K.L.:
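The structure's right below; bear with me while I get my questions together.
One-based numbering, in listed order, for ligands and for the atoms of each. This structure is a prediction, so every number in the text was calculated from the model and none was measured.
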Amino acid sequence: MDHSKLRPESLMMSYGYKPELSQGAVKCPIFQTSTFVFQKAEDGKAFFEVAYGLRERSEGEELGLIYSRLNNPDLEILENRLGLWENAGDCAVFESGMSAITTTLLEFLSPGDLLLFSNPIYGGTDHFIKQILTRFGIHVLGFYPWEQDRLEEIVRKSGKADRLKMIYVETPANPTNILIDIAACSRLAKTFGTSEKPVLLAVDNTYMGPLWQHPMKQGADLVLYSATKYIGGHSDVIAGACLGSKELIGRVKGLRSFLGCMAGPWTGWLLLRSLETLKPRMETQASNAAEVAAFLKGHPKVRKVHYLGFINEPAQQAIYKNQCFSAGAMLSFDVQGGEPEAFRFLNALQLVKLAVSLGSTESLAEHPATMTHVGVDPAEREKLGITGGLVRLSVGVEHPDDLIGDLKQALEAV
Ligand SMILES: *Cc1c(COP(=O)(O)O)cnc(C)c1O
């Protein structure tokens with residue numbers, strides 16, 4: 001059997017793990033150890049030479065296990081499996097989505113460089129870009145989805161086009177599901193980049209998980225995840241990941257080992273377990289979301305549903321067709337009225353939990369304007385359509401009729 005032809009979901013239970021190295025255990029054990037014994041001093045010397053980049057790995061030479069801040073079997077197997085979904089050269093896992101994002105930004109940006117980024121963006125990322133990166137003399141320039149077709153002009157007008165180093169996008173945008181064209185951003189990166197000084201394109205793909213959008217196929221160099229969301233999928237672990245070419249991830253792993261923000265073995269093991277059910281979970285969530293969205297669309301107390309399956313604007317539709325494999329399981333909607341009506345709805349929910357976060361087996365609802373997006377300037381919130389009546393839903397794996405029943409009774413309270 002040609003294992004290179006197997007699909008990722010067929011490999012999630014076994015890939016990269018050798019039972020004979022672990023007493024025949026069918027599952028990878030938790031390697032809860034800080035350090036690893038070298039068989040002889042020469043081995044330790046060889047492992048360090050490779051880990052510190054003092055020489056290239058020779059043909060077939062594996063990086064020996066040294067110390068769990070540098071490598072650990074639970075993390076390495078997890079990284080290999082995560083990479084399969086997108087055919088990435090390599091992957092680095094982190095103790096949180098934020099540490100994946102911040103380590104990646106810090107590795108590739110230097111004082112004087114320009115970072116172009118899409119709005120709206122995850123609150124933690126927004127804060128890091130505007131408040132922390134700027135402290136180190138990095139120039140940052142945000143753009144809105146409706147400015148997508150004049151990005152080249154925006155970059156040129158900034159006067160720092162020659163220092164453009166990275167384009168960072170999050171698509172679909174949270175919480176309104178507006179899409180950013182990844183392929184167009186990749187062309188923009190090529191317009192301003194040269195072979196000596198490439199402009200990198202990084203995409204936060206958390207909202208679509210590894211199943212529904214493959215940014216590297218659209219030209220992205222780096223793909224970031226909060227693995228807390230779909231990848232972990234059970235609301236029981238915080239973790240993150242960065243995927244890309246061997247060369248770029250080598251650099252990310254280098255900085256990760258000095259910042260010390262790698263995931264621990266227990267987190268790695270939890271995510272290995274989660275990956276086995278990634279596809280069935282996400283597919284059930286997406287089909288539930290389609291039913292929930294259809295129910296909400298026809299409801300008299302709902303003004304508008306923001307769901308990728310309902311796009312009718314032609315430019316957005318074209319992006320959707322080109323880069324998304326599914327409408328996903330995240331949607332938001334405006335209840336008739338404002339904050340009081342949205343709160344009445346949220347407080348009346350029984351099956352759906354009132355909590356932030358997303359992508360998990362249980363359905364979650366929250367109020368972006370006063371919760372996840374409370375840090376966004378009110379005028380900007382209004383511009384982005386984050387109104388008082390907006391509710392965000394992450395649809396889980398419950399029976400769709402039960403979900404709809406809960407939403408229905410909660411809407412009656414509005
Ligand atoms: C949750 C989230 C993050 C941050 O991830 P943590 O795991 O909470 O650190 C980043 N980006 C997006 C889109 C997210 O939803």
K.L.:
Is it the case that the side chains of Ser245 and Glu247 hold a donor-acceptor pair, with the cut-off being a distance below 3.5 Å and no angle test?
P.N.:
no
K.L.:
Cation-pi check, Lys229 to Tyr207: give yes when NZ or CZ is under 6.0 Å from the six-membered ring centre and within 45° of the ring axis, no otherwise.
P.N.:
no
K.L.:
Do the numbers put Arg281 on top of the ring of Tyr230, so that NZ or CZ is under 6.0 Å from the six-membered ring centre and no more than 45° off the axis?
P.N.:
no
K.L.:
Give me the nearest non-hydrogen protein atom to atom 15 (O) of ligand 1 as residue plus atom name, then the distance to 0.1 Å.
P.N.:
Lys229 NZ, 2.7 Å
K.L.:
Return yes if a side-chain donor-acceptor contact under 3.5 Å exists between Gln218 and Asn322, otherwise no.
P.N.:
yes
K.L.:
Below 4.0 Å from any atom of ligand 1, is there a heavy atom belonging to Leu224?
P.N.:
no
K.L.:
Can you tell which of Thr125, Asp204, Thr206 gets a heavy atom nearest to atom 11 (N) of ligand 1?
P.N.:
Asp204
K.L.:
Under 4.0 Å from any heavy atom of Thr228, which atoms of ligand 1 are there?
P.N.:
6 (P), 7 (O)
K.L.:
Find all atoms of ligand 1 within a distance of less than 4.0 Å from any non-hydrogen atom belonging to Ser226, and give their numbers and elements.
P.N.:
1 (C), 2 (C), 3 (C), 4 (C), 5 (O), 6 (P), 7 (O)
K.L.:
Please work out which of Met208, Glu170, Met98 has its closest non-hydrogen atom nearest to atom 9 (O) of ligand 1.
P.N.:
Met98
K.L.:
Quick check on contacts: which atoms of ligand 1 are under 4.0 angstrom from a heavy atom of Ala239?
P.N.:
7 (O)
K.L.:
Judged by atom type as modelled, is there a donor-acceptor pair below 3.5 Å linking the side chain of Gln409 to the main-chain atoms of Ala348?
P.N.:
yes
K.L.:
Relative to the heavy atoms of Gly97, which atoms of ligand 1 are at a distance of less than 4.0 Å?
P.N.:
5 (O), 6 (P), 7 (O), 9 (O)
K.L.:
Is the terminal nitrogen or CZ of Lys297 (NZ for Lys, CZ for Arg) located under 6.0 angstrom from the six-membered ring centre of Phe310 and within 45° of that ring's axis?
P.N.:
yes
K.L.:
Report, in ascending order of atom number, the atoms of ligand 1 lying under 4.0 Å from any heavy atom of Ile101.
P.N.:
10 (C)
